[in-house]
Colleague: 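One structure follows; several queries about it will come next.
Each chain gets a letter, A, B and so on, in the order its sequence line appears, and its residues count up from 1.
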Amino acid sequence: MDISEIIDPLNPAQREAVTAESGNRLVLAGAGSGKTRVLVHRVAWLIRVEQAPPWAILAVTFTNKAAREMKARIEEILATPIGGMWVGTFHGLANRFLRAHWQEAGLPHSFQILDADDQYRLIRRTLKALELDEARWPPRRAMGFVNQCKDEGLRPRHLDDEGDPYRKRMIAIYREYQSACERGGLVDFGELLLRAHEVLREQAAVRHQYQERFAHILVDEFQDTNAIQYAWLRLLSGDHDNLFLVGDDDQSIYGWRGARVENIQSFQKDYANTTVVRLEQNYRSTGNILTVANALIAHNPSRLGKRLWTNDGAGEPVRQFAAFNELDEARFVIERIRQHIQVDGYRRDECAILYRTTAQSRLFEEVLIQAEIPYRVYGGLRFFERAEIRDALAYLRLVANPDDDAAFERAVNTPPRGLGPRTLDLLRDQARAAGTSLWRAARDQLEREALAPRAAKALRAFVALIEQQRARSDRPLAALAADLLVATDLPGFYLKGKDDRGQDRVENLEQLVDTVARFEAETSEDEGDAGDRLASFLAHAALEAGEAQADPDADGVQLMTLHSAKGLEFPIVFLVGLEERLFPHSLSLDDPRRLEEERRLCYVGMTRAMHQLYLTHAEKRHLHGKETYPQPSRFLREMPTEPVESVRGSRAQSRPTPQRHGQEADDGLRLGQRVCHPTFGEGVVLDCEGRGASARVQVNFADAGTKWLVLAYAKLAPAAQ
DNA sequence: TTCGAGGCGGTTTTT
DNA sequence: CCGCCTCGAA
């Protein structure tokens, strides 16, 4: 076998990782160091050189996108489909596992996956059932509590209220919510992992079967694993010393949703037989960008340590811009983008604007629209998350499993068929009292003729509709979906609505039928009866919410949060809003660990840039409707001055028109000018008022904050630059 | 059932 | 300031 194809494109560190003999490997892969390449080549090495059968390999990622990419690249390098290899997300693989072992897991054959929105609704319904006031027991908090427990592998019975009444109530909510899930055969995201873990832990036969099978386990983005995911990996691996983990502690930015960077450290403790490989050569960014990024991240105390370097040149300096306000900032960025496109020949989609909070995108969008530059915003509602799609899916779910309460609640009166809160409350009470699903309660009530005639008639029609479709559910899925649209008249309902997006929604519904057809065509070889196909389509819809953008190929300037930029790269990057309380965000300031995570987020943003990195902040910004004068971000101060260059924009046009305030001060201080004060240090002039002896200026000092100073007394001198 | 007024909160997001 | 949600009135 010719192995040169596998190892020739690799540098020494990459080669060491790819060709490692058996044993546990931890690959600390810096940003842009060829992490995916190492994973893909490692798989190729295992199959081609070590003769591992594909079915003995398990490769785990965090997102479907990463899984798809890895799969495609493995197939490319091996020039063959990957056969029985398990490549997917933790959740996708857990789902696959549970579908195969539903009996051992104590789940119904066609259990349904709840996504975040379903879960939220079910939590609220649980609160209602427990007669808890949402104002006092916010559903978001309850949901957070449940998810956090599941992420840590904890069931209600493991939890102790510690005498805390709040905690006691949360545990009660968890218990009640969980039994609602059990009644309906519903599994939320956290439950997928937890349930899979429990089966492996408690069923030795199953555990051994998988431990024998997976001779090689590879994990991407290991720094993002939470407690249950790590425990799951440990069970799968057993004592086989077959883990190949790739990650970067400096890019851990999901601590707030349960990710534990510490897993990287504990891995080395839990597995004695572990060797560490560092990938530090960077193939993405210029030397200057790396210098500045390295310097910033060096301020984090608890790191494993890593320093990115490049063989390529230093490149352009990193550029920094202090905008007068957020409009000035946006105009500067868009002006620069225009230059890079027109003068340097970059494409629009080679320029990215990265921000800390989604709200920041708006102004950039407005200015881009004004400038008539196409753009694309990442994030937002995705296909399967749209209301109309979820409505249609609720019907499909009821066809698959009528006991699915979450789907029942959604579908029963959408479109409105006269089943109001009165009837619903009655059904809920009945279901709860009898410990059954809403569906059964509905049929029961109809049988016993316990309902008012109007409600009974409407409910009977609804039940008949679902049963009719159920009776014929062996048809192709697309036909079923199309039939349901006709039978429910969801399209008509949306067209009638006052909402001007009615037409869009109907088109989306039509697209859903296409999506179903395509899904069925692609998976038809896997056989399975019609019920299985429907269940697997629904799982697909829940696990992979689809693309947010209608047209992802469009050549537009890319706008996204720093979080969604992870894993991507762009020739030109604008990192905007580098201000205290915005970035680092005010809610992270009091906790050193969260502050470190903010710093890592900044590092992630910077290391997205290939050729040119801009860092901007505004001296003045509207936040929650108030005018604020933020300090420049501490991250700016933590960067070296050397390859960072301050740029001046042509900002006259974006300053506020001088009226009562904002006059030029007598001695020629201008708005936006940098000044120096003997006690307060350097700052920027924000505002002026008055004349002569009473003339005052407002200055935003880097360290001392914003102050009004009387010119006659304050010894202000123009600062350098 | 639908609409509008008023209250409230306001990181980050995948699965 | 803006968007979301709830609640009350028609």
Colleague: With distance as the sole test, does A:Glu409 use its side chain to make a donor-acceptor pair with the main-chain N or O of A:Ala406 at under 3.5 Å?
Modeller: no
Colleague: B:dC8 C1' sits how many Å from A:Arg140 CZ, rounded?
Modeller: 14 Å
Colleague: How long is the line joining CG of A:Asp224 and C1' of B:dT12, in whole Å?
Modeller: 13 Å
Colleague: Any carboxylate oxygen within less than 4.0 angstrom of a Lys/Arg side-chain nitrogen, looking at A:Arg73 and A:Glu69?
Modeller: yes
Colleague: Can you give me the N/O atom pairs linking the protein to nucleotides 7-10 of chain C at distances under 3.5 Å, or say none if there are none?
Modeller:
none

Colleague: Could you tell me the separation between the CZ atom of A:Arg356 and the C1' atom of B:dG10, rounded to a whole number of Å?
Modeller: 13 Å
Colleague: Over 60° means perpendicular and under 30° means parallel, so classify the ring planes of A:Phe189 and A:His91, tilted if in between.
Modeller: perpendicular
Colleague: Taking A:Glu580 first and then A:Arg634, would you say they form a salt bridge - that is, a charged N and a carboxylate O separated by under 4.0 Å?
Modeller: yes
Colleague: Could you check how far CG of A:Leu354 sits from C1' of B:dT12, rounded to whole Å?
Modeller: 13 Å
Colleague: What's the CG-P distance between A:Leu595 and B:dT12, to the nearest Å?
Modeller: 18 Å
Colleague: Decide side-chain hydrogen bond (donor to acceptor under 3.5 Å, both in side chains) for A:Asn300 and A:Tyr603; before the verdict, give the C-alpha distance in whole Å, the side-chain angles of both, and the deciding distance to 0.1 Å.
Modeller: CA-CA 11 Å; A:Asn300 272 1; A:Tyr603 174 78; over 6 Å; no
Colleague: Could you tell me how far B:dT12 sits from C:dC5 if I compare only their P atoms? Round to whole Å.
Modeller: 15 Å
Colleague: When the ring planes of A:Tyr174 and A:Phe145 are compared, do they come out parallel, tilted or perpendicular, using 30° and 60° as the limits?
Modeller: perpendicular
Colleague: Check nucleotides 13-15 of chain B against the protein and report each pair of N or O atoms closer than 3.5 Å, with its distance, or say if there are none.
Modeller:
residue	atom	partner	partner atom	Å
B:dT13	OP1	A:Thr561	OG1	2.5
B:dT15	OP1	A:Asn64	N	2.8
B:dT15	OP1	A:Asn64	ND2	3.4
B:dT15	OP2	A:Arg382	NH1	3.2
B:dT15	O2	A:His91	NE2	3.3

Colleague: Using a 4.0 Å heavy-atom cut-off, does A:Glu598 contact any base of the nucleic acid, only the sugar-phosphate backbone, or nothing at all?
Modeller: base
Colleague: Using whole Å, report how far NE2 of A:His622 lies from P of C:dC1.
Modeller: 10 Å
Colleague: Which comes earlier along DNA chain B counting from the 5' end, the contact point of A:Gly625 or that of A:Asn413, where each point is its nearest nucleotide?
Modeller: A:Asn413
Colleague: Taking atom P of B:dG9 as reference, at what distance in whole Å does atom NZ of A:Lys626 sit?
Modeller: 13 Å
Colleague: Between A:Glu191 and A:Lys150, is there a salt bridge with N-O shorter than 4.0 Å?
Modeller: yes
Colleague: Give the rounded distance in Å between these two atoms: CG of A:Leu601 and P of B:dT12.
Modeller: 11 Å
Colleague: Going by heavy atoms in the side chains, are A:Tyr254 and A:Gln223 under 4.5 Å from each other?
Modeller: no
Colleague: Check this one for me: any side-chain N or O of A:Arg362 less than 4.0 Å away from OP1 or OP2 of C:dC1?
Modeller: no
Colleague: Charged N to carboxylate O below 4.0 Å: is that the case for A:Glu597 and A:Arg600?
Modeller: yes
